[in-house]
Engineer: 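Below you will find the structure I want to go over with you.
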Amino acid sequence: MKIIINGACGRMGQAVRALCKSDFHAAQAVALVDMNSVTDPEQRTYQTLWEFDGEADCIIDFSSPRATQTLCRYAQEKKLPLVIATTGQTPEELAMLQETAKTVPVFYSANMSVGIALLVSLCKQAAQMLPNADIEIIETHHNRKADAPSGTALMLSRAIRSVRKNLCETFGRHGQAKRQKDEIGIHAVRMGNITGIHEVHFGTDGETVTLKHTAHSRSVFAEGAIAAAAFLVKQEPGMYDMQSMIH
């Protein structure tokens with residue numbers, strides 16, 4: 001499987017490159033694209049996607065939401081499946097991905113971890129079994145993460161609200177008012193070099209259930225992205241996510 005890595009010089013891009021070198025899912029990085037790289041076809045490095053015109057099976061993007069328009073145009077023109085592993089897209093950028101999915105397969109997930117996909121399923125189950133519980137989501141990441149709350153926290157909230165439709169999101173609660181019954185609290189913590197921790201608390205007057213996922217290494221997200229690419233190259237045009245892949 002021949003992969004174009006967009007955002008190849010970033011931490012996650014480098015993790016994907018390392019897995020390609022280890023032949024994970026028989027993946028081969030045929031183009032390393034990053035605005036901070038030097039274009040050198042012999043080294044397979046390019047500053048822009050458009051500089052690469054070789055053969056590829058899929059694009060994996062670990063760059064920035066600002067690249068969405070370029071990625072969509074390139075994927076459509078080259079008829080390449082597209083794995084989007086960045087978060088923080090605007091509604092307009094998400095609409096671009098939906099439009100692109102009409103002509104090529106697009107895999108979009110706020111988190112590429114299979115463990116997070118399991119957490120999503122468990123949260124939906126807990127929300128159904130504890131219909132009166134207060135629910136709070138706390139996510140912790142390194143101090144360089146740009147978006148807050150994380151895309152994963154929002155994904156967890158959406159999953160819970162799909163079965164508890166009366167809930168509304170409250171971000172970073174503050175002030176003097178008491179907690180409202182139908183709130184789902186979402187809180188972001190940024191410090192140090194923490195890869196990613198997501199905790200979901202379900203609390204009643206009598207008990208508390210906590211579901212927690214901790215990422216120990218960025219490689220788990222790189223592994224998920226390559227697995228997503230291997231899945232995506234076999235699919236018809238459309239939008240796919242981690243739940244699509246594991247079911």
Side-chain angles (χ1 to χ4, degrees), residues 1-22 24 27-101 103-113 141-148 150-152 190 193-196 215 217-226 228-229 232-233:
M1 181 174 59
K2 298 177 179 178
I3 293 175
I4 300 171
I5 305 174
N6 193 53
C9 292
R11 289 171 181 254
M12 286 309 311
Q14 292 179 51
V16 175
R17 291 165 62 180
L19 283 175
C20 287
K21 291 178 180 178
S22 69
F24 185 76
Q28 175 188 1
V30 295
L32 308 173
V33 182
D34 197 292
M35 61 182 297
N36 296 314
S37 67
V38 175
T39 297
D40 184 348
E42 290 189 4
Q43 298 296 318
R44 295 176 296 176
T45 61
Y46 303 86
Q47 283 193 327
T48 70
L49 282 166
W50 299 102
E51 293 173 320
F52 176 71
D53 196 33
E55 293 185 2
D57 297 312
C58 189
I59 307 167
I60 293 178
D61 174 58
F62 268 114
S63 61
S64 162
R66 293 190 299 273
T68 302
Q69 184 174 18
T70 298
L71 283 160
C72 288
R73 285 178 51 211
Y74 188 86
Q76 290 181 79
E77 181 172 313
K78 304 295 184 180
K79 298 294 187 291
L80 286 175
L82 176 60
V83 176
I84 298 291
T86 56
T87 60
Q89 287 84 3
T90 65
E92 292 77 17
E93 289 163 345
L94 291 174
M96 291 178 197
L97 295 175
Q98 292 284 352
E99 185 65 27
T100 301
T103 55
V104 299
V106 176
F107 192 105
Y108 174 77
S109 178
N111 193 298
M112 288 291 167
S113 161
H141 285 87
H142 54 82
N143 57 23
R144 300 169 301 284
K145 185 169 177 60
D147 56 323
S150 69
T152 303
R190 297 289 176 268
N193 195 37
I194 296 171
T195 299
S217 167
R218 291 177 177 84
S219 65
V220 70
F221 308 121
E223 290 172 3
I226 294 177
L232 200 63
V233 296

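Basis for what follows: all heavy atoms, side chains included, without hydrogens, waters or symmetry-related copies.
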Engineer: How long is the gap from CZ on R190 to NE2 on H142, to the nearest 0.5 Å?
Structural biologist: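 Between atom CZ of R190 and atom NE2 of H142 there are 8.0 Å.
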Engineer: For residues V16 and I60, report the shortest heavy-atom separation together with the two atoms involved.
Structural biologist: CG1-CD1, 4.4 Å
Engineer: Any idea which heavy atoms bring G13 and F62 closest together, and the distance?
Structural biologist: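 For G13 and F62, the tightest heavy-atom pair comes out as N-CB, 4.2 Å.
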Engineer: For the residue pair K78 and D53, what are the closest heavy atoms and their distance?
Structural biologist: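 Taking every non-hydrogen atom into account, NZ-OD1, 2.7 Å.
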Engineer: Give the minimum heavy-atom separation between A225 and V83, together with the two atoms involved.
Structural biologist: O-CG1, 4.2 Å
Engineer: Run the side-chain contact (heavy atoms from CB on, under 4.5 Å) test against C9 and tell me which residues pass, sequence neighbours left out.
Structural biologist: D34, S37
Engineer: Under 4.5 Å between any side-chain heavy atoms of W50 and R73, yes or no?
Structural biologist: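 Counting from C-beta outward, W50 and R73 do come under 4.5 Å.
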Engineer: Can you confirm whether more than 12 heavy atoms, excluding those of E51, are under 6.0 Å from its CD atom?
Structural biologist: yes
Engineer: Just one of D61, T70, T86 clears the side chain to side chain donor-acceptor pair (under 3.5 Å) bar with N6, so which one?
Structural biologist: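 For N6, the side chain to side chain donor-acceptor pair (under 3.5 Å) check succeeds only for D61.
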Engineer: Measure the spacing between CD of E223 and OG of S217 and express it to the nearest 0.5 Å.
Structural biologist: 7.5 Å
Engineer: Identify the heavy atoms of E93 and T68 that sit nearest to each other, and give their distance.
Structural biologist: O-CG2, 3.6 Å
Engineer: Grab the two heavy atoms, one from C72 and one from L97, that are nearest each other, plus how far apart they are.
Structural biologist: SG-CD2, 3.7 Å
Engineer: List the steps, then state whether side-chain contact (heavy atoms from CB on, under 4.5 Å) holds for M12 with M112.
Structural biologist: CA-CA 11 Å; M12 286 309 311; M112 288 291 167; over 6 Å; no
Engineer: If I take atom CG from residue L232 and atom CD1 from residue I226, how far apart are they, to the nearest 0.5 angstrom?
Structural biologist: 13.5 Å
Engineer: Indicate yes or no for a side-chain donor-acceptor contact from T195 to the backbone of R218 under 3.5 Å, with no hydrogens or angles considered.
Structural biologist: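 No.
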Engineer: Run the numbers on E55 and V30 for side-chain contact (heavy atoms from CB on, under 4.5 Å), then give the verdict.
Structural biologist: CA-CA 8 Å; E55 293 185 2; V30 295; over 6 Å; no
Engineer: With no hydrogens and no angle check, is any side-chain donor or acceptor of R17 less than 3.5 Å from a backbone partner on A29?
Structural biologist: no
Engineer: Report the C-alpha separation of T87 and S150 in whole Å, then their side-chain angles, then the decisive distance to 0.1 Å, and conclude whether the side-chain contact (heavy atoms from CB on, under 4.5 Å) test is met.
Structural biologist: CA-CA 8 Å; T87 60; S150 69; over 6 Å; no
Engineer: Kindly indicate, with the supporting measurements, whether the criterion side-chain contact (heavy atoms from CB on, under 4.5 Å) is fulfilled by V38 and Q43.
Structural biologist: CA-CA 9 Å; V38 175; Q43 298 296 318; over 6 Å; no
Engineer: I want to check something: taking the side chain as every heavy atom from C-beta on, are Y46 and I4 in contact at a cut-off of under 4.5 Å?
Structural biologist: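 The answer is no, as the side chains (C-beta and beyond) never meet within the 4.5 Å cut-off.
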Engineer: Taking side-chain contact (heavy atoms from CB on, under 4.5 Å) as the test, write out the residues that go with T103, two or more places apart.
Structural biologist: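 Counting only residues at least two positions away or on another chain, T103 forms a side-chain contact (heavy atoms from CB on, under 4.5 Å) with Q76.
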Engineer: Got a second to check how far L80's CG is from K2's NZ, nearest 0.5 Å?
Structural biologist: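 Between atom CG of L80 and atom NZ of K2 there are 12.0 Å.
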